[in-house]
There are 2 protein chains.
Amino acid sequence: MTKRQPIKAGITLDQVIEAAFAVLDRGGLEKLSTRAIAADLGVSMNTVMWHIRTKARLMDLLAEAIFAEMDLDDLPSGWDARVVELHQRLRGAMLGHRDGARVVAGTFVTGPRTLGFSEHVVTALLEGCPTRRTAIWTSWSLFYFTLGLVQEEQASAGADLPERVPEEFPVLNSVVDEFHAAEFDARFRFGLEQILRSAEVLEAP
Amino acid sequence: MTKRQPIKAGITLDQVIEAAFAVLDRGGLEKLSTRAIAADLGVSMNTVMWHIRTKARLMDLLAEAIFAEMDLDDLPSGWDARVVELHQRLRGAMLGHRDGARVVAGTFVTGPRTLGFSEHVVTALLEGCPTRRTAIWTSWSLFYFTLGLVQEEQASAGADLPERVPEEFPVLNSVVDEFHAAEFDARFRFGLEQILRSAEVLEAP
DNA sequence: ACCTGAACACCGTTCAAGT
DNA sequence: ACCTGAACACCGTTCAAGT
């Protein structure tokens with residue numbers, strides 16, 4: 001007797017997450033609802049609910065799935081190049097989905113892929129930082145910076161930037177062109193560099 | 001003939017914002033609704049709606065109000081001490097309201113008080129950074145870092161941190177005590193220091 | 001274990017109406 | 001200019017019920 005397939009095909013959690021990304025990429029975070037996911041899958045809303053248990057858990061699952069889309073192989077051998085590469089891949093993974101950075105920022109994920117990323121980052125930082133504490137704290141600085149930049153990057157897509165700064169703020173006015181130049185790529189690399197330069201020398205208390 | 005007061009007292013936008021903060025501080029961001037604010041003020045929900053026009057604009061107003069609670073006087077004269085002090089006050093202002101960092105992070109505010117803060121920060125950075133571009137980009141790095149740290153700080157209050165890291169992640173396990181030690185104050189100062197050290201020497205492309 | 005329908009207690013937004 | 005009530009099109013969650 002061979003094992004039988006279940007008669008009713010049934011929906012799997014992975015399919016739910018896949019459909020959730022489809023809805024997300026189509027309409028952004030505010031259009032992401034269990035009903036919309038259900039409609040995409042052709043099932044009842046409560047079927048989605050049964051798989052995700054709660055909306056908050058769905059968000060955690062999506063964040064973890066974004067980390068899972070990162071490749072953690074073929075990394076540079078130098079510790080600082082490795083840290084930079086890891087965060088560039090994280091940025092890429094978040095940019096891969098509409099509002100991806102907001103999804104990751106909204107949750108405190110401790111799934112295996114998220115931890116795997118941290119494991120790689122901290123490993124590299126321990127090679128270059130004077131103390132363990134410096135390494136840990138630096139990993140947070142890098143993470144916050146990446147999250148913040150990509151959130152701004154994704155928010156600026158399709159947002160109406162203010163074209164003018166009031167004249168009461170002369171200094172901001174004098175640099176307004178630098179402010180508007182998006183150049184997220186260069187800004188990102190510069191920020192990583194900035195934090196890493198100090199990480200080598202600065203000792204956390 | 002002296003000017004008469006309007007017969008119906010009426011609610012003002014400032015009162016709406018005040019009530020919004022009351023609701024926010026009591027129940028957090030997910031309890032913040034126009035109906036809850038209206039209930040606090042004893043008016044109809046549509047009265048609140050008329051003043052705020054839209055929920056998104058209310059969020060902008062709240063973010064701007066948080067910046068308005070910052071004092072921008074009596075700052076240190078040294079550029080780097082000034083930058084640190086400004087961000088410490090920003091952190092304090094955000095910590096002053098439940099989910100304050102999430103409120104600020106969720107909006108791209110260009111109100112006068114927000115711009116005033118940036119004006120001060122950029123002014124100070126221009127004194128210490130090699131190029132204008134370095135100054136601007138550094139201001140963003142500092143802002144992202146502050147936002148990220150305070151968001152984590154406020155999320156960790158009342159959240160259930162994972163007590164154990166799976167053994168597949170030996171490096172994370174070896175530093176898990178550093179991870180759990182909150183010490184947001186020290187971490188915050190260290191992060192600012194870290195970014196500012198490089199700002200003096202690193203030149204943006 | 002998986003899926004459904006119905007009901008519940010909420011949302012923000014819009015509109016027609018009052019003063 | 002300011003305030004209201006009613007209706008609309010949504011939410012996430014819960015519960016009792018099916019297979």
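Per chain, numbering begins at 1; letters A, B, ... match sequence-line order. Computation of the quantities below employed the complete heavy-atom set of this structure, encompassing side-chain atoms and omitting hydrogens, waters and symmetry-equivalent molecules.
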From CG of L29(B) across to P of dC10(C) the rounded distance in Å is 18 Å
Give the C-alpha distance, both sets of side-chain angles, the deciding distance and a yes or no for salt bridge (Lys or Arg N to Asp or Glu O under 4.0 Å) between R91(B) and D185(B).
-> CA-CA 10 Å; R91(B) 173 165 171 258; D185(B) 229 78; 3.1 Å; yes
Testing dC3(C), dG12(D), dT13(C) for proximity to the side chain of W50(A), the answer is dC3(C)
- prompt: Is R35(B) salt-bridged to D40(B), going by a charged N under 4.0 Å from an acidic O?
  reply: no
Whole-Å distance, R35(B) CZ to dA6(D) C1', equals 11 Å
Interatomic distance, CZ@R57(B) vs CG@L62(B), rounded to 0.5 Å, equals 11.0 Å
Taken to the nearest whole Å, NZ/K55(B) to C1'/dC10(D) is 14 Å
Each base of DNA chain D marked ( ) or [ ] if paired in-strand (Watson-Crick or G-U under 3.5 Å), | if paired to another strand and . if unpaired gives |..|||||...|||||..|
Practice prompt. Check whether any side-chain N or O of S33(A) sits under 4.0 Å from OP1 or OP2 of dC10(D), and answer yes or no.
Written response: no
**Message:** Is the shortest side-chain heavy-atom distance between E168(A) and P112(B) below 4.5 Å?
**Reply:** no
Hey, does L32(B) reach any base, or is it just sugar-phosphate, or nothing, if we go heavy atoms under 4.0 Å? sugar-phosphate
Query - Salt-bridge contact R89(A)-E69(A) (side-chain N to carboxylate O under 4.0 Å) - result: no
- Does OP1 or OP2 of dC3(D) have a side-chain N or O of H51(B) closer than 4.0 Å? yes
Enumerate donor-acceptor pairs with a distance under 3.5 Å from any side-chain N or O in residues 11-24 of chain A to protein atoms, sequence neighbours excluded.
none

Whole-Å distance, R53(A) CZ to dC2(C) C1', equals 14 Å
Separation of dC11(D) atom P from M59(A) atom CE, nearest Å, is 14 Å
Among dC3(D), dG12(D), dT13(C), the one nearest any side-chain atom of T34(A) is dG12(D)
Only residue of R82(B), H87(B), Q88(B) satisfying side-chain contact (heavy atoms from CB on, under 4.5 Å) with V84(B) is Q88(B)
Using the P atom as the point on both nucleotides, what is the distance between dC2(C) and dA17(D), in whole Å? 22 Å
Here the distance between atom P of dG12(D) and atom CZ of R57(A), to the nearest Å, is 16 Å
TODO: Looking at every strand, decide which applies to I52(A) at a 4.0 Å heavy-atom threshold: base, sugar-phosphate, or nothing.
DONE: nothing
- Does a side-chain N-to-carboxylate-O contact under 4.0 Å join R102(A) and E30(A)? yes
I37(B) atom CD1 is separated from dG12(C) atom C1', nearest whole Å, by 12 Å
Closest of dT13(D), dC3(C), dC11(C) to the M49(A) side chain is dT13(D)
Sorted by position of nearest nucleotide on DNA chain C, 5' first, the leading residue of A56(B) and V48(A) is V48(A)
The nucleotide from dC3(C), dA6(D), dG12(D) with an atom nearest the side chain of M45(B) is dA6(D)
When rounded to whole Å, the CG to P distance for the pair D14(B) and dC2(D) reads 13 Å
